[in-house]
Novice: 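First, the structure itself, so that you have it in front of you.
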Amino acid sequence: MGIYSWNPQTGELSWDDRLRAKWGLHGAADVDMDVFQSAIHPDDRPRVNQAITDCTDPDGTGLYSVEYRVIGRDDGVIRHIATKGQTTFADGRAIGFIGAAIDVSRQRQNEQAVRSSEALFRSFADHSSNLIWIGDPSEDSIVYRSAAYEAICGQSCDDGADSLADWIKDVHEDDRDQVKRALDAVAQGEVTKFDYRLVHPRMARCGNCTTRAFRSLTRTAPFIALPASPRI
């Protein structure tokens, strides 16, 4: 965490060495408003300037909270910076400011990797002849179905059950207990394969399904992805 202060009256900045490093500067480098502004990514500058204007407004809260990209002056490295601060006022004027900043680049890179991975998964799933779906046992919800659902179950994905409790009503009553046990095992982190019969009102007759289920480690909730291979 880098700590800094700013005098809104004179524009004087005081940065510690950790904040200088986030701007790609060496420890003894001089800093001023030009150094600060020039390193901010051009696409983010309007948002940062608006946040500065808002936090120095005596009719506001004085709170400064914004995230933006910085292009290191000496090293050219792009970093994602999240910063918060508080302005002090006297006689209706902003007279002081102190804040802290952290580098959140790794978190943003990880989030982008997850988004790319999920996009690749959905592209694969939507072109698969097997039904692939994702459920969240902690919320008793079904959050995704692949396009094969319509061909297998005879209704659109939007018309399908929203909860695991509703979905399991279409499982043959003799198979429901074993399916519930399998889903409980998946929620505990086990990789599980189970067979069951699916009786759906839109199906011409009962379908036999084989499902391989696993818990996704990329989500905070215990999501499970379930590829179902129907044999009708």
Side-chain angles (χ1 to χ4, degrees), residues 1-124 134 136 138 143 189 214-223 225:
M1 180 178 294
I3 305 298
Y4 62 100
S5 64
W6 170 51
N7 185 327
Q9 298 297 308
T10 65
E12 181 183 1
L13 289 173
S14 177
W15 290 9
D16 65 10
D17 290 348
R18 288 167 294 189
L19 191 62
R20 285 185 172 87
K22 300 180 197 309
W23 259 250
L25 303 169
H26 59 79
D30 292 332
V31 293
D32 55 26
M33 289 300 291
D34 288 338
V35 171
F36 164 71
Q37 288 277 356
S38 64
I40 297 173
H41 193 288
D43 293 343
D44 296 342
R45 283 177 195 160
R47 184 158 45 82
V48 173
N49 289 333
Q50 185 61 54
I52 293 173
T53 298
D54 291 344
C55 81
T56 54
D57 181 354
D59 293 327
T61 63
L63 180 64
Y64 178 70
S65 179
V66 65
E67 182 176 323
Y68 51 88
R69 291 163 292 176
V70 166
I71 305 172
R73 190 189 70 174
D74 296 337
D75 59 17
V77 175
I78 296 178
R79 299 175 177 90
H80 292 255
I81 303 299
T83 179
K84 290 182 180 291
Q86 181 68 52
T87 306
T88 54
F89 299 91
D91 300 324
R93 297 187 305 163
I95 61 170
F97 178 91
I98 188 166
I102 60 173
D103 186 341
V104 294
S105 301
R106 179 170 295 181
Q107 294 94 310
R108 299 298 169 259
Q109 291 165 0
N110 290 342
E111 290 168 0
Q112 180 58 46
V114 169
R115 286 193 294 268
S116 298
S117 177
E118 290 183 345
L120 183 62
F121 162 77
R122 288 176 182 263
S123 177
F124 162 77
I134 300 174
D136 181 0
S138 68
V143 298
F214 60 92
R215 179 176 176 176
S216 171
L217 299 180
T218 62
R219 300 181 181 270
T220 55
F223 275 69

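Being a predicted model, the structure only gives us computed values, none of them experimental.
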Novice: Are the side chain of S116 and the backbone N or O of Q112 linked by a donor-acceptor pair below 3.5 Å?
Specialist: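 Confirmed, S116 side chain pairs with Q112 backbone.
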Novice: Please examine the side chains of E67 and D44, heavy atoms only from C-beta on, and report whether any two atoms are closer than 4.5 Å.
Specialist: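 Side-chain contact under 4.5 Å: no.
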Novice: Please round to the nearest 0.5 Å and tell me the distance separating atom CD of Q109 and atom CD1 of I78.
Specialist: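 Those atoms lie 10.0 Å apart.
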Novice: How far apart are the closest heavy atoms of R79 and A21, and which atoms are they?
Specialist: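 Nearest pair, atom of R79 first, then A21: CZ-O, 3.7 Å.
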Novice: I81 and R69: side-chain contact (heavy atoms from CB on, under 4.5 Å), yes or no, with the steps?
Specialist: CA-CA 6 Å; I81 303 299; R69 291 163 292 176; over 6 Å; no
Novice: Does the side chain of I3 come within less than 4.5 Å of L19's, by heavy atoms?
Specialist: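 Side chain of L19 against side chain of I3, heavy atoms only: no contact under 4.5 Å found.
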Novice: Would you give the length of the straight line joining atom CG of D54 to atom OG of S65, rounded to the nearest 0.5 angstrom?
Specialist: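 One gets 11.5 Å once the value is rounded to the nearest 0.5 Å.
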Novice: For P8 and A94, which heavy atoms make the closest approach, and how far apart are they?
Specialist: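 So the minimum-distance heavy-atom pair works out to CB-O, 3.7 Å.
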Novice: Show your reasoning for whether side-chain contact (heavy atoms from CB on, under 4.5 Å) applies to W6 and T56.
Specialist: CA-CA 11 Å; W6 170 51; T56 54; 3.7 Å; yes
Novice: Check whether Q37 reaches the backbone of D32 with its side chain - one donor and one acceptor, N or O, closer than 3.5 Å.
Specialist: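 Here the side-chain-to-backbone pair does not exist.
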Novice: State, to 0.1 Å, how close A29 and R73 come at their nearest heavy-atom pair, and which atoms those are.
Specialist: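 Heavy atoms only, the tightest pair is CB-NH2, 4.2 Å.
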Novice: Kindly determine whether F89 and D57 satisfy side-chain contact (heavy atoms from CB on, under 4.5 Å), including the steps that lead there.
Specialist: CA-CA 9 Å; F89 299 91; D57 181 354; over 6 Å; no
Novice: State, with a plain yes or no, whether a side-chain heavy atom of V70 is found less than 4.5 Å away from one of K22.
Specialist: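 A side-chain contact under 4.5 Å is absent here.
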Novice: Give the minimum heavy-atom separation between D75 and G72, together with the two atoms involved.
Specialist: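 The answer is OD1-CA, 3.2 Å.
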Novice: Residues two or more places apart in sequence or in another chain: which of them pass side chain to side chain contact (heavy atoms under 4.5 Å, CB included) with A51?
Specialist: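 Here the qualifying residues are Y64, V66.
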Novice: When you compare the side chain of L13 with that of M33, does any pair of heavy atoms fall below 4.5 Å?
Specialist: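 With C-beta onward as the side chain, the pair touches.
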Novice: What I'd like to find out is whether the side chain of R47 reaches to under 4.5 Å of the side chain of Q50, using heavy atoms alone.
Specialist: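 Of all side-chain heavy-atom pairs linking Q50 with R47, none is under 4.5 Å.
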Novice: Side chain of T88, backbone of I95: donor and acceptor closer than 3.5 Å?
Specialist: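 Here the side-chain-to-backbone pair does not exist.
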Novice: Quick check on D43: does its CG atom have over 12 non-hydrogen neighbours (other residues, nucleotides or ligands) under 6.0 Å away?
Specialist: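 Result for CG/D43: enclosed.
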Novice: Might you confirm whether atom CD of E12 has over 12 heavy atoms from other residues, nucleotides or ligands at distances under 6.0 Å?
Specialist: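 Not more than 12 within 6.0 Å, no.
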Novice: Just checking R106: does its CZ atom have more than 12 heavy atoms from other residues, nucleotides or ligands closer to it than 6.0 angstrom?
Specialist: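 Counting other residues, nucleotides and ligands, CZ of R106 stays at 12 neighbours or fewer.
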Novice: Would D91 and R93 pass as an ion pair if we require N to O under 4.0 Å?
Specialist: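 Looking at D91 and R93, the cut-off is not met.
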Novice: Does I102 have any side chain to side chain contact (heavy atoms under 4.5 Å, CB included) partners at least two apart in sequence or in another chain, and if so, which?
Specialist: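 With neighbours one apart ignored, the set is M1, A82, V104.
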Novice: Tell me every residue that passes salt bridge (Lys or Arg N to Asp or Glu O under 4.0 Å) with R20, counting only those two or more places apart in sequence or in another chain.
Specialist: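 Salt bridge (Lys or Arg N to Asp or Glu O under 4.0 Å) list for R20, sorted by chain: D17.
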Novice: Could you tell me whether the side chain of I71 reaches within less than 4.5 Å of the side chain of H41, counting heavy atoms only?
Specialist: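 Yes, at least one pair of side-chain atoms sits under 4.5 Å.
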Novice: Please examine the side chains of F36 and V48, heavy atoms only from C-beta on, and report whether any two atoms are closer than 4.5 Å.
Specialist: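 SC-SC contact between V48 and F36 confirmed.
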Novice: Between Y4 and S14, is the side-chain contact (heavy atoms from CB on, under 4.5 Å) condition met? List the steps.
Specialist: CA-CA 5 Å; Y4 62 100; S14 177; over 6 Å; no
Novice: So, do T83 and Y68 sit near enough that their side-chain heavy atoms are less than 4.5 Å apart?
Specialist: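 Yes - at least one pair of side-chain heavy atoms lies under 4.5 Å apart.
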Novice: Roughly how far, to the nearest 0.5 Å, is the SG atom of C55 from the CZ atom of F97?
Specialist: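 Rounded to the nearest 0.5 Å, the CZ-SG separation comes out at 5.0 Å.
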